[in-house]
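Chain letters run A, B, ... following the sequence lines, proteins first, then strands; residues in each count from 1. What you see below is based on every heavy atom in this structure, not just the backbone, and it leaves out hydrogens, waters and symmetry mates.
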Amino acid sequence: MRHMDEASSDQGGRTAGLNPGQRAAVEHRGGPVLVLAGAGTGKTRVITHRVASLLDEGIPPWRILAVTFTNRAAGEMRERIEGLCEADHNTREIWVGTFHSICARILRQHGTPVGLSNRFSIYDSADQQSVMRKVLEGLNVSPKMYTPRGVLGILDKAKNRGYGPEDLEKLDLQDPVLSIARKAYEAYQARLRAADAADFGDLLLQAVRLLRAARKTSTQGQLGDLDPVARLLTRFDHVVVDEFQDTNPIQAELVDLLSSDAELCVVGDDDQAIYGWRGADVDQILLFGDRHRGTEIVKLEQNYRSTTHILSCADAVIRKNRGRLGKTLWSELGPGEPVRVLMLRDERDEARLVANEARAAIDEGVDPPSIAIFYRTHAQSRVIEDELRRAGISCRIVGGVAFYERLEVKDVLSYLSVLLNPHSDVHLARVVNRPARKIGNTTVTRLANRATEEGVSLWTAMANPEAAGLAAAAVRRIREFVAMIGELQAFVDEVPLPDLLAEVVERTGYAAALAVEESDESHARLENLQELSGNLIEFTEERPEAKLSDYLELVSLVGGERSEGDKERAVTMMTVHSAKGLEFERVYLTGMEERVFPHSRVLDDPVQMEEERRLAYVAVTRAKRHLTLTMCQRRMLYGQTQVGSPSRFVLDLPAEATDQVGRAVTRSPRVASPRQAPVRKGPAWQNDIVYDESPDAPFTDEELGDAVEEGEGVHLFIGMHLRHKAWGEGELVGWHGSGRSLKLQIKFPGRGLKTVVASFVQPV
DNA sequence: TAGGGTAAGTTTTTT
DNA sequence: ACTTACCCTA
């Protein structure tokens with residue numbers, strides 16, 4: 001394929017090897033195009049070829065904008081464009097990015113009118129919550145009725161539609177909530193402004209505000225050409241938007257503004273709309289033609305990715321939705337092997353099955369990165385990760401409890417944020433007493449109150465600690481802290497980033513505090529900081545010119561990805577949402593049970609259920625040749641074992657395209673629990689399924705042997721007697737965790753069952 | 001003030 | 001199950 005592309009580019013054409021629909025989408029000029037592209041029909045190919053051919057026609061690269069939803073997709077698009085025509089054009093000047101990264105870029109340069117400096121901080125949802133918590137405390141409302149999460153949900157909804165506090169009544173809210181939400185919205189924004197910070201919603205909303213204002217003045221003929229923001233309105237000749245079905249109203253407005261003077265090409269698939277909960281509206285795609293006169297619509301239905309068995313499964317799932325535009329995918333790749341459906345005993349066995357199969361495939365020479373494991377929610381990933389490790393397989397986990405979310409990593413990154421923008425209260429408050437330097441709650445609260453009174457940031461208040469009425473000792477400590485930050489700030493943009501990190505870890509005493517602790521946990525934390533350092537070195541090598549602000553932006557917008565083992569030889573684990581837009585030779589779709597996928601929260605909402613079905617469709621259509629669906633008879637969920645029944649999506653699959661196998665899997669060694677939960681029989685799934693229902697006999701001695709753990713030189717075993725300072729002597733009935741976080745369940749006569757940290761008891 | 005223990009809430013999905 | 005939030009004590 002690549003060869004063909006190169007050959008055609010020599011001839012100046014970009015359409016050789018494209019089918020007629022793809023060619024139409026690539027070549028259409030003179031008006032808006034809407035490309036309805038089914039899964040695997042060559043969407044990215046169309047976009048990249050279109051961009052390449054625009055460049056060939058002499059459009060300057062900086063007059064082209066390509067927008068995607070995820071950074072992963074943006075990276076891939078840039079790479080493929082470069083692959084097509086790096087030799088001929090300066091592809092680096094093309095604007096390629098996610099909605100959020102493009103807005104961040106605009107705001108860094110032009111954000112002053114909306115109160116953002118070029119070094120503003122981006123707040124993630126934890127940051128948002130801590131700001132909102134303070135706002136709600138200030139408003140004196142019932143913390144039960146108005147949780148930070150809940151109110152932020154309202155704000156998010158508003159921002160997704162482009163509403164400020166004054167527009168809040170356009171959401172249908174009843175009055176006590178409406179007026180409180182409005183007050184909270186205003187106070188929240190005031191705090192963000194004082195902190196020189198923007199949350200995800202603000203990135204879009206504030207950028208759109210700037211552009212709205214610029215358009216107003218430029219249509220009034222004032223200063224139009226002088227205003228750099230107004231120039232953005234007419235900067236682009238061509239705008240391309242990927243995954244248009246997942247656009248929310250504010251994003252659509254942004255697209256309209258930036259394409260005021262441009263030809264617009266949007267690509268999407270209504271069957272893959274999976275972000276309704278984020279304010280995306282499938283109708284955007286249906287309305288596109290109305291909003292943009294003379295829209296040419298191109299449908300792409302030939303799938304180049306999957307075998308027909310996989311496609312017929314996908315079709316069987318999506319066919320049950322109503323209100324589709326309606327496409328039927330076809331493929332010339334032949335039937336391939338049937339889609340496998342496996343019923344396992346529990347999530348442990350499910351994970352083990354996947355790990356074992358992956359192991360076998362890799363041993364046969366399959367390239368690990370061509371294998372992917374999907375799940376509906378992150379919570380399902382842990383067991384699979386464990387089993388992969390046990391099988392000696394490296395894995396890459398996209399998203400989830402990200403690396404950057406870890407306590408020590410967040411601390412150090414907060415230090416870095418503070419160096420760049422000390423007014424960011426959330427970050428400053430996080431690190432002021434970390435490691436412990438005797439600046440406690442009382443001190444910080446006094447300073448924070450002072451700051452709120454004055455309407456300034458915490459940092460500003462720290463410049464004058466006496467004014468907050470602090471004791472002499474506290475004043476001195478604050479002064480020392482401020483001075484230390486000042487010293488560190490001098491390094492910013494003066495020394496290489498990895499060195500800056502090293503200075504921070506040293507001078508703040510962070511490393512020393514961890515080193516002194518000498519526990520398993522502190523060692524792990526130090527290791528994580530090492531990993532962060534490695535991460536930063538890698539980043540610096542890739543982008544030598546990058547500054548601290550670039551790194552922090554990457555961290556906050558790209559989010560985490562955790563790797564275990566060799567990155568190059570790793571299988572990928574991710575949620576189905578993250579899998580959108582990707583494809584893999586071999587896919588395992590796990591947890592195909594009712595209440596898991598579809599998720600329990602959507603069971604009684606037909607609209608959300610349709611979205612869930614689209615999500616299943618997305619999952620199935622990621623696979624090129626091998627697709628395996630797994631489900632469990634029972635699963636530990638929310639701390640309790642639940643009996644699972646097969647997902648309705650599994651039951652929809654056509655028998656002729658699937659191979660449904662019941663499968664017995666040996667019991668994995670596990671820690672004995674005092675009482676086995678009574679196991680009910682899994683529901684007979686389909687009549688022709690036979691699975692080995694090994695009776696849940698009590699654990700044998702051998703199995704119990706596995707359940708004995710070393711703890712600090714002591715052999716723990718069920719039934720042993722232990723002494724606790726306060727509770728006296730008791731009998732060990734179980735435990736969980738290990739090392740420092742080893743918790744023991746002990747039955748104390750007359751006191752009942754207690755869970756205690758292992759270091760608090762002694763063997764008798 | 002810090003550290004530990006207990007109670008309570010929490011989980012859908014992402015930028 | 002697991003994490004965070006608050007309360008209590010040293």
Side-chain angles (χ1 to χ4, degrees), chain A residues 67-74 97-104 122-126 128-130 133 143-144 147-149 156 159-160 198-204 243 246 248 250-251 273-280 347 374-380 382-383 398-402 405 407 433-444 471 473-474 477 553-560 574-580 591 595-603 605 608 611-612 614-615 618-619 635-641 724-727 736-737 741 743 754-757 759-760:
Chain A
V67 191
T68 63
F69 263 79
T70 64
N71 295 284
R72 191 169 291 276
T98 63
F99 280 106
H100 290 86
S101 70
I102 282 162
C103 289
I122 298 173
Y123 276 7
D124 64 18
S125 67
Q128 292 183 56
Q129 296 212 17
S130 93
R133 199 171 305 124
K144 284 264 182 329
T147 61
R149 235 172 133 261
D156 196 52
K159 289 179 178 182
N160 281 335
D199 63 22
F200 288 122
D202 281 339
L203 291 177
L204 301 171
E243 309 281 10
D246 286 325
N248 62 34
I250 187 90
Q251 289 166 330
I274 54 175
Y275 284 100
W277 53 275
R278 210 172 69 185
E347 74 277 5
F374 299 158
Y375 34 81
R376 176 63 179 79
T377 67
H378 286 297
Q380 295 163 245
R382 174 69 64 81
V383 210
V398 177
V401 183
E405 301 275 308
L407 191 73
N433 198 29
R434 221 164 274 196
R437 47 174 76 91
K438 308 211 159 179
I439 301 176
N441 264 335
T442 333
T443 308
V444 177
R477 292 189 193 115
E553 183 154 315
L554 183 92
V555 168
S556 43
L557 290 184
V558 175
M574 60 183 128
T575 63
V576 180
H577 279 88
S578 318
K580 190 179 70 158
R595 314 180 72 80
V596 176
F597 195 3
H599 194 270
S600 54
R601 295 268 296 249
V602 311
L603 292 181
D605 180 341
Q608 286 193 72
E611 181 152 311
E612 209 72 1
R614 292 191 293 268
L615 193 58
V618 168
R635 169 183 302 271
M636 188 71 110
L637 215 58
Y638 311 119
Q640 281 179 331
T641 300
H724 184 274
K725 253 201 299 191
W727 307 111
H736 50 89
S741 60
K743 304 242 173 42
K754 301 280 178 192
T755 302
V756 294
V757 175
S759 54
F760 281 80

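At whole-Å resolution of the value, CD in A/Q608 and P in B/dT11 are 16 Å apart. Atom-to-atom, CZ of A/R133 to C1' of C/dA5 comes out at 9 Å; the value is rounded to the nearest Å. Residue A/D199 contributes atom CG, which lies 15 Å from atom P of B/dT15 at whole-angstrom precision. One interatomic measurement links the two molecules: CZ of A/R149 to P of B/dT14, which rounds to 14 Å at whole-angstrom precision. A/W277 has its CH2 atom 8 Å from the P atom of B/dT13, to the nearest Å.
The side chain of A/T98 approaches B/dT15 more closely than any other nucleotide in the set B/dT15, C/dC2, B/dT13.
A/S101 comes within contact range of no nucleotide atom at all, as no heavy-atom separation falls under 4.0 Å. Among the heavy atoms of the strands, none lies under 4.0 Å from A/S125. Here A/Y275 lies in heavy-atom contact (under 4.0 Å) with sugar-phosphate atoms only.
For B/dT14, one of the phosphate oxygens OP1 or OP2 lies less than 4.0 angstrom from a side-chain nitrogen or oxygen of A/H378.
Distance check on atom P: B/dT13 versus C/dT4 gives 16 Å, rounded to whole Å. Spacing of C1' atoms, B/dT11 relative to C/dC6, comes out at 22 Å, to the nearest Å.
A 4.5 Å side-chain heavy-atom check between A/R149 and A/R133 finds every atom pair outside the cut-off.
In this structure, A/F69 does not pack face-to-face on the six-membered ring of B/dT14, missing the 5.5 Å centre cutoff or the 30° plane limit.
Taking the six-membered ring where the residue is Trp, A/Y275 and A/F69 present parallel rings, their angle staying beneath 30° rather than reaching 60°.
With sequence neighbours excluded, no residue satisfies side chain to side chain donor-acceptor pair (under 3.5 Å) with A/N433. By the side chain to side chain donor-acceptor pair (under 3.5 Å) test, A/K159 is found to be paired with A/Q189, A/D199, A/D202, residues two or more places apart in sequence or in another chain being considered.
Of the two residues near DNA chain B, A/I439 and A/E611, the one whose nearest nucleotide lies more 5' is A/I439.
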